[in-house]
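I have placed the structure first, in the form of C-alpha coordinates, so that the comments after it can refer back to it.
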Amino acid sequence: MRRPLVLMAAPLLAVMLTAAEPPAALDRPLTDAGQEARAQALFKDVRCVVCQHESIADSPAGVAGDMRRLIREEIASGATDQQVRDDLVRRFGDYVLFTPPVRAGTWLLWFGPFALIALAALILVLRSRRRAVETTPLSPEEEARLDEVLRNEKLRRDPDATSPHDGR
(Lines give C-alpha, C1' and ligand atoms only; values in the text may rest on other atoms or scores of the structure.)
Protein backbone atom coordinates (compact mmCIF):
# COMPACT_ATOMS: atom_id res chain seq x y z
CA MET A 1 0.00 0.00 0.00
CA ARG A 2 2.85 2.40 0.76
CA ARG A 3 4.67 1.78 -2.50
CA PRO A 4 2.03 3.36 -4.81
CA LEU A 5 1.81 6.33 -2.45
CA VAL A 6 5.59 6.82 -2.59
CA LEU A 7 5.58 6.47 -6.39
CA MET A 8 2.84 9.07 -6.69
CA ALA A 9 4.62 11.49 -4.32
CA ALA A 10 8.03 11.15 -6.02
CA PRO A 11 7.30 13.50 -8.98
CA LEU A 12 5.87 16.10 -6.62
CA LEU A 13 8.92 15.83 -4.38
CA ALA A 14 11.24 16.14 -7.40
CA VAL A 15 9.49 19.32 -8.53
CA MET A 16 9.71 20.78 -5.02
CA LEU A 17 13.42 20.00 -4.77
CA THR A 18 14.24 21.57 -8.13
CA ALA A 19 12.17 24.69 -7.48
CA ALA A 20 14.39 27.63 -6.75
CA GLU A 21 14.14 31.33 -6.32
CA PRO A 22 13.13 32.95 -9.59
CA PRO A 23 15.94 34.87 -11.26
CA ALA A 24 16.21 38.54 -10.45
CA ALA A 25 14.64 40.95 -12.89
CA LEU A 26 17.10 42.43 -15.33
CA ASP A 27 18.74 45.60 -14.11
CA ARG A 28 17.73 48.72 -15.98
CA PRO A 29 20.47 51.33 -15.63
CA LEU A 30 19.47 54.92 -15.10
CA THR A 31 19.57 57.11 -18.20
CA ASP A 32 21.64 59.80 -16.48
CA ALA A 33 25.25 58.58 -16.35
CA GLY A 34 26.00 60.57 -13.18
CA GLN A 35 23.07 59.05 -11.33
CA GLU A 36 24.00 55.56 -12.52
CA ALA A 37 27.57 56.08 -11.29
CA ARG A 38 26.20 57.09 -7.86
CA ALA A 39 23.97 54.03 -7.83
CA GLN A 40 26.89 51.74 -8.76
CA ALA A 41 29.00 53.24 -5.94
CA LEU A 42 26.17 52.63 -3.47
CA PHE A 43 25.74 49.04 -4.71
CA LYS A 44 29.30 48.27 -3.57
CA ASP A 45 28.66 49.64 -0.06
CA VAL A 46 25.39 47.75 0.51
CA ARG A 47 25.42 44.15 1.78
CA CYS A 48 23.08 41.59 0.25
CA VAL A 49 20.73 40.47 3.02
CA VAL A 50 20.62 36.94 1.57
CA CYS A 51 24.29 36.34 0.71
CA GLN A 52 25.61 38.51 3.58
CA HIS A 53 29.20 38.36 2.34
CA GLU A 54 28.58 39.97 -1.03
CA SER A 55 27.59 43.43 -2.04
CA ILE A 56 24.38 43.81 -3.98
CA ALA A 57 26.52 44.73 -7.00
CA ASP A 58 27.92 41.16 -7.07
CA SER A 59 24.97 39.19 -5.72
CA PRO A 60 22.72 37.19 -8.06
CA ALA A 61 19.95 36.93 -5.42
CA GLY A 62 16.51 38.26 -6.25
CA VAL A 63 16.50 40.42 -3.11
CA ALA A 64 19.74 42.06 -4.26
CA GLY A 65 18.08 42.88 -7.58
CA ASP A 66 15.15 44.42 -5.71
CA MET A 67 17.55 46.46 -3.59
CA ARG A 68 19.38 47.71 -6.70
CA ARG A 69 16.06 48.72 -8.24
CA LEU A 70 15.03 50.50 -5.02
CA ILE A 71 18.31 52.44 -4.90
CA ARG A 72 17.96 53.48 -8.53
CA GLU A 73 14.38 54.63 -7.95
CA GLU A 74 15.40 56.72 -4.93
CA ILE A 75 18.32 58.29 -6.81
CA ALA A 76 16.08 59.04 -9.80
CA SER A 77 13.59 60.72 -7.47
CA GLY A 78 16.34 63.07 -6.22
CA ALA A 79 17.45 61.44 -2.95
CA THR A 80 21.01 62.03 -1.80
CA ASP A 81 23.37 59.14 -1.14
CA GLN A 82 22.98 59.64 2.62
CA GLN A 83 19.19 59.61 2.33
CA VAL A 84 19.38 56.34 0.38
CA ARG A 85 21.66 54.83 3.04
CA ASP A 86 19.37 56.04 5.82
CA ASP A 87 16.36 54.47 4.10
CA LEU A 88 18.19 51.14 3.69
CA VAL A 89 19.22 51.18 7.37
CA ARG A 90 15.63 51.97 8.35
CA ARG A 91 14.38 48.99 6.31
CA PHE A 92 17.13 46.41 6.96
CA GLY A 93 19.14 47.64 9.95
CA ASP A 94 22.77 48.77 10.30
CA TYR A 95 24.04 45.40 9.10
CA VAL A 96 23.00 46.20 5.52
CA LEU A 97 25.92 48.62 5.15
CA PHE A 98 29.47 47.28 4.89
CA THR A 99 30.56 50.36 6.86
CA PRO A 100 27.82 50.91 9.46
CA PRO A 101 27.66 54.22 11.34
CA VAL A 102 29.50 54.59 14.66
CA ARG A 103 26.90 54.86 17.40
CA ALA A 104 26.03 53.13 20.66
CA GLY A 105 24.42 50.15 18.91
CA THR A 106 27.48 49.48 16.75
CA TRP A 107 30.30 50.12 19.24
CA LEU A 108 30.93 46.42 19.67
CA LEU A 109 31.17 46.02 15.92
CA TRP A 110 33.62 48.90 15.56
CA PHE A 111 35.67 48.58 18.74
CA GLY A 112 35.19 44.93 19.72
CA PRO A 113 38.25 43.64 17.80
CA PHE A 114 40.44 46.33 19.38
CA ALA A 115 39.09 45.48 22.83
CA LEU A 116 39.91 41.79 22.27
CA ILE A 117 43.45 42.66 21.18
CA ALA A 118 43.90 44.91 24.24
CA LEU A 119 42.57 42.16 26.51
CA ALA A 120 44.95 39.60 24.99
CA ALA A 121 47.89 42.01 25.41
CA LEU A 122 46.92 42.63 29.04
CA ILE A 123 46.78 38.89 29.74
CA LEU A 124 50.19 38.40 28.13
CA VAL A 125 51.71 41.24 30.18
CA LEU A 126 50.23 39.89 33.41
CA ARG A 127 51.47 36.38 32.69
CA SER A 128 54.94 37.61 31.83
CA ARG A 129 55.17 39.43 35.18
CA ARG A 130 54.57 36.28 37.16
CA ARG A 131 57.59 35.19 39.13
CA ALA A 132 59.19 32.03 37.97
CA VAL A 133 59.24 29.28 40.53
CA GLU A 134 62.76 29.01 41.79
CA THR A 135 64.11 25.52 42.08
CA THR A 136 66.59 24.83 44.80
CA PRO A 137 69.84 23.36 43.58
CA LEU A 138 70.79 19.82 44.54
CA SER A 139 72.88 19.40 47.62
CA PRO A 140 76.37 17.88 47.15
CA GLU A 141 75.09 14.58 48.62
CA GLU A 142 72.18 14.53 46.15
CA GLU A 143 74.48 15.28 43.23
CA ALA A 144 76.83 12.47 44.24
CA ARG A 145 73.94 10.04 44.56
CA LEU A 146 72.58 11.07 41.13
CA ASP A 147 76.03 10.59 39.53
CA GLU A 148 76.33 7.16 41.12
CA VAL A 149 72.89 6.09 39.91
CA LEU A 150 73.53 7.32 36.37
CA ARG A 151 76.97 5.62 36.17
CA ASN A 152 75.96 2.28 37.65
CA GLU A 153 72.50 1.86 36.30
CA LYS A 154 71.95 0.58 32.83
CA LEU A 155 68.86 1.45 30.90
CA ARG A 156 66.08 -0.65 32.21
CA ARG A 157 63.35 -1.79 29.96
CA ASP A 158 59.90 -0.44 30.78
CA PRO A 159 57.74 -3.50 31.39
CA ASP A 160 54.69 -1.74 29.93
CA ALA A 161 56.43 -0.68 26.72
CA THR A 162 56.16 -2.88 23.65
CA SER A 163 58.01 -2.89 20.42
CA PRO A 164 56.76 -4.01 17.03
CA HIS A 165 59.76 -6.37 16.95
CA ASP A 166 58.85 -8.16 20.19
CA GLY A 167 56.70 -10.65 18.37
CA ARG A 168 53.71 -9.82 20.53
Side-chain angles (χ1 to χ4, degrees), residues 2 5-138 158 160-162 164:
R2 287 186 177 188
L5 183 61
V6 170
L7 290 176
M8 289 175 20
L12 179 61
L13 182 62
V15 168
M16 288 172 48
L17 290 175
T18 59
E21 178 183 12
L26 293 176
D27 283 347
R28 290 189 210 158
L30 294 168
T31 53
D32 183 349
Q35 288 181 337
E36 181 62 24
R38 282 180 47 212
Q40 292 293 329
L42 281 170
F43 294 166
K44 292 177 182 163
D45 189 40
V46 177
R47 182 187 314 270
C48 175
V49 294
V50 173
C51 305
Q52 296 185 359
H53 65 280
E54 286 184 321
S55 67
I56 61 171
D58 302 325
S59 175
V63 173
D66 293 341
M67 292 171 80
R68 288 189 298 265
R69 184 179 39 77
L70 173 72
I71 289 172
R72 283 187 173 115
E73 286 173 0
E74 289 185 9
I75 288 175
S77 69
T80 65
D81 291 356
Q82 190 57 47
Q83 288 171 331
V84 173
R85 282 188 185 96
D86 291 344
D87 185 52
L88 289 169
V89 168
R90 183 185 56 79
R91 290 175 187 237
F92 301 104
D94 288 327
Y95 185 74
V96 77
L97 299 177
F98 277 116
T99 53
V102 179
R103 58 175 166 223
T106 60
W107 281 4
L108 184 62
L109 182 66
W110 279 101
F111 305 113
F114 299 113
L116 286 176
I117 290 170
L119 180 65
L122 178 66
I123 289 171
L124 288 174
V125 166
L126 291 176
R127 283 190 170 204
S128 69
R129 289 188 174 184
R130 278 190 192 170
R131 287 194 162 184
V133 177
E134 289 188 30
T135 58
T136 57
L138 295 176
D158 185 358
D160 294 331
T162 60

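Values in this document were obtained by computation on a predicted structure and should not be read as measured data. Basis for what follows: all heavy atoms, side chains included, without hydrogens, waters or symmetry-related copies.
- Nearest heavy-atom pair across T99 and W110 is C-CZ2, 4.4 Å.
- Shown here are the side chain to side chain donor-acceptor pair (under 3.5 Å) partners of R103, two or more places apart in sequence or in another chain: D94.
- In this structure, L70 and L88 have side chains that are in contact, with non-hydrogen atoms separated by less than 4.5 Å.
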Criterion side-chain contact (heavy atoms from CB on, under 4.5 Å) on I75 and L42, from CA distance to verdict: CA-CA 10 Å; I75 288 175; L42 281 170; 3.8 Å; yes
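- Each of D81, D32, T80 was compared with R38 under the side-chain hydrogen bond (donor to acceptor under 3.5 Å, both in side chains) criterion, and only D81 meets it.
- Not counting sequence neighbours, the partners of Q40 by the side chain to side chain donor-acceptor pair (under 3.5 Å) test are E36.
- Side chains of Q83 and D87: a donor-acceptor N/O pair is absent below 3.5 angstrom, by distance only.
- Proximity of a side-chain donor or acceptor of R68 to a complementary backbone N or O of I56 within less than 3.5 Å is detected.
- Counting all heavy atoms, side chain and backbone alike, P60 lies closest to E54 at CD-OE1, 3.8 Å.
- No side-chain donor-acceptor contact under 3.5 Å links R72 to the backbone of A39.
- Within a 6.0 Å radius of CG in L124, more than 12 heavy atoms belonging to other residues, nucleotides or ligands are found.
- Annotation for F98 and K44: closest pair CD1-O, 3.6 Å, computed over non-hydrogen atoms.
- Rounding to the nearest 0.5 Å places CZ of R28 at 10.0 Å from CD of E73.
- By the side chain to side chain donor-acceptor pair (under 3.5 Å) test, Q52 pairs with no residue at all, sequence neighbours left out.
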